[in-house]
Structures are given as C-alpha cells and as structure tokens.
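Okay, structure first, notes after.
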Amino acid sequence: MGHFGITKTLEVLHEHFYWLNMKRDVQRMCDTCITCRQAKSRVMPLKLYTPLPVPKEPWVDISMDFILGLPRFRKGRDSIFIVVDRFSKMTHLIACHKTDYAINIADLFFREVIRLHGFPRSIVSDRDVKFLSYFWKVL
C-alpha cells in the first residue's frame, strides 16, 4: 500500500494491526522510502506559486509549448510548436516533427520568430531543463 506520511500510515495500520514499536517501524519505513525522498522535498517546503512578472513590452517575454501527436500533414510533420508573446498574446504556430531535437526547434524559432521580433529576454516553457538549456545554447 502507498502511504501519506507517518501520521496517516499509523492511523490506517491502527485500524487493523498492532505490534510493539509500531510507531518507530513506521517512522523508519517512511524515512527510508525512496518514492517519498524523490517526491517530497525538504529543501523547498510547500508554498504558493509565484506569478510571473507582467511584461512591459511585446516580444521580450515569451512562452513556448508543443502540441504533439497530431495526424501527419505536409512534409510528414505531426506536431505544432507554439510561441506566444506574453504581452500581446500574439501567437506563432509552427509545424514541426514530434522527434525534432532542440537544434531543429531553435532553427525554426530563429527563422519564424527572432527574424520578425528580435531576441527575447525570457522564455517560459514546461519542457525539461536539459532541453531549455540546450535550446538557449543553440540560439
């Protein structure tokens, strides 16, 4: 069974079981649980999200995302790379392949966005850190 911390696990166990040093055993099990160590951070306690700063001019702060798994269309492309200006909400929809690497996406970004609007100051994305890091290096 999964657990929700020491207190909740003890409550569930007390309904059906009891043994000597049960609290100590549950504490030890929860402290050494690999899943909990990965999912429950002690460094950054749970707190409210901080909103992004409001942009003051167009095409300086942008967001990007992907729509994946579409039916294949022109030239075998099956995904859409979306770039949105956070100030004006103007959007560029760029056809791409699901398997494109950061270098290909950076090339599309340069041809379709930077040549029209210049280089952004910040990019917000839900992609992993490795992708964004490599994307910035390629740009």
Side-chain angles (χ1 to χ4, degrees):
M1 118 176 189
H3 63 88
F4 301 99
I6 298 164
T7 308
K8 183 70 172 171
T9 304
L10 273 172
E11 286 176 13
V12 171
L13 284 174
H14 272 300
E15 290 177 12
H16 303 286
F17 305 101
Y18 176 79
W19 65 86
L20 290 175
N21 301 320
M22 187 164 96
K23 185 174 182 178
R24 186 194 66 194
D25 292 343
V26 169
Q27 170 119 21
R28 187 178 302 148
M29 190 272 307
C30 290
D31 288 343
T32 59
C33 177
I34 294 170
T35 306
C36 288
R37 294 184 125 195
Q38 292 173 343
K40 297 175 184 172
S41 172
R42 295 193 195 320
V43 177
M44 292 182 61
L46 194 60
K47 55 185 170 184
L48 297 174
Y49 288 114
T50 306
L52 294 169
V54 178
K56 298 197 181 337
E57 54 187 297
W59 292 103
V60 173
D61 300 298
I62 64 169
S63 67
M64 63 184 207
D65 202 359
F66 295 87
I67 298 176
L68 304 173
L70 298 172
R72 291 188 186 274
F73 49 99
R74 199 175 325 140
K75 297 182 184 176
R77 296 191 171 117
D78 58 357
S79 300
I80 299 174
F81 173 42
I82 304 167
V83 181
V84 180
D85 170 37
R86 292 186 39 238
F87 179 78
S88 67
K89 307 300 184 225
M90 183 178 172
T91 305
H92 285 274
L93 303 172
I94 306 162
C96 64
H97 297 97
K98 182 178 182 178
T99 56
D100 280 348
Y101 293 106
I103 194 163
N104 306 99
I105 300 300
D107 182 51
L108 287 172
F109 184 76
F110 194 80
R111 280 190 282 137
E112 301 292 332
V113 178
I114 291 179
R115 75 177 172 87
L116 297 172
H117 308 290
F119 210 80
R121 181 180 55 220
S122 72
I123 297 175
V124 176
S125 176
D126 60 355
R127 291 285 163 183
D128 65 336
V129 176
K130 281 197 252 180
F131 176 86
L132 276 180
S133 172
Y134 190 64
F135 180 80
W136 274 110
K137 285 178 189 173
V138 172
L139 279 181

Output the distance between atom [atom1] ([X]) and atom [atom2] ([Y]), rounded to the nearest 0.5 Å.
| X | Y | atom1 | atom2 | value |
| --- | --- | --- | --- | --- |
| Met22 | Met29 | CE | CE | 11.0 Å |
| Arg127 | Met64 | CZ | CE | 8.0 Å |
| Ser122 | Leu52 | OG | CG | 8.0 Å |
| Asp126 | Asp65 | CG | CG | 4.5 Å |
| Ile114 | Leu116 | CD1 | CG | 10.5 Å |

In terms of hydrophobic clusters joined by side-chain contacts under 4.5 Å, are [X] and [Y] together?
| X | Y | answer |
| --- | --- | --- |
| Ile123 | Val84 | no |
| Leu108 | Phe131 | yes |
| Leu68 | Ile94 | yes |
| Val54 | Met90 | no |

Task: Leu93, CG atom: more than 12 neighbouring heavy atoms under 6.0 Å - done: yes

Open item on the list: According to ring-ring contact (aromatic ring centres under 6.0 Å, His included), does anything in residues 100-129 pair up with another residue at least two apart or in another chain? List the pairs.
Closed with: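 Output for this query lists Trp59-His117, His92-His117, Phe109-Phe135, Phe119-Trp136.
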
Task: Smallest separation among heavy atoms of Phe87 and Pro55, with atom names - done: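 Shortest heavy-atom separation between Phe87 and Pro55 comes out as CD1-O, 3.4 Å.
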
Open item on the list: Please find the pair of heavy atoms, one from Gly69 and one from Ser79, that lie closest to each other, and give the distance.
Closed with: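 Minimum heavy-atom contact is N-OG, 4.0 Å.
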
- [ ] Mind jotting down which residue pairs meet the salt bridge (charged side-chain N to carboxylate O under 4.0 Å, His left out) criterion with at least one end in residues 77-98? Sequence neighbours excluded, please.
- [x]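 Not a single pair qualifies under salt bridge (charged side-chain N to carboxylate O under 4.0 Å, His left out).
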
Task: Of all pairs that satisfy salt bridge (charged side-chain N to carboxylate O under 4.0 Å, His left out), the ones with a partner from residues 105-125, not counting sequence neighbours - done: Asp61-Arg121, Asp107-Arg111

Task: Aromatic ring pairing Phe81/Phe66, orientation class (parallel under 30°, perpendicular over 60°, tilted between) - done: parallel

Open item on the list: With a 4.5 Å cut-off on side-chain heavy atoms, are Tyr134 and Ile105 touching?
Closed with: no

TODO: Answer whether the closest heavy-atom distance between the side chains of Lys23 and Val26 falls below 4.5 Å.
DONE: no

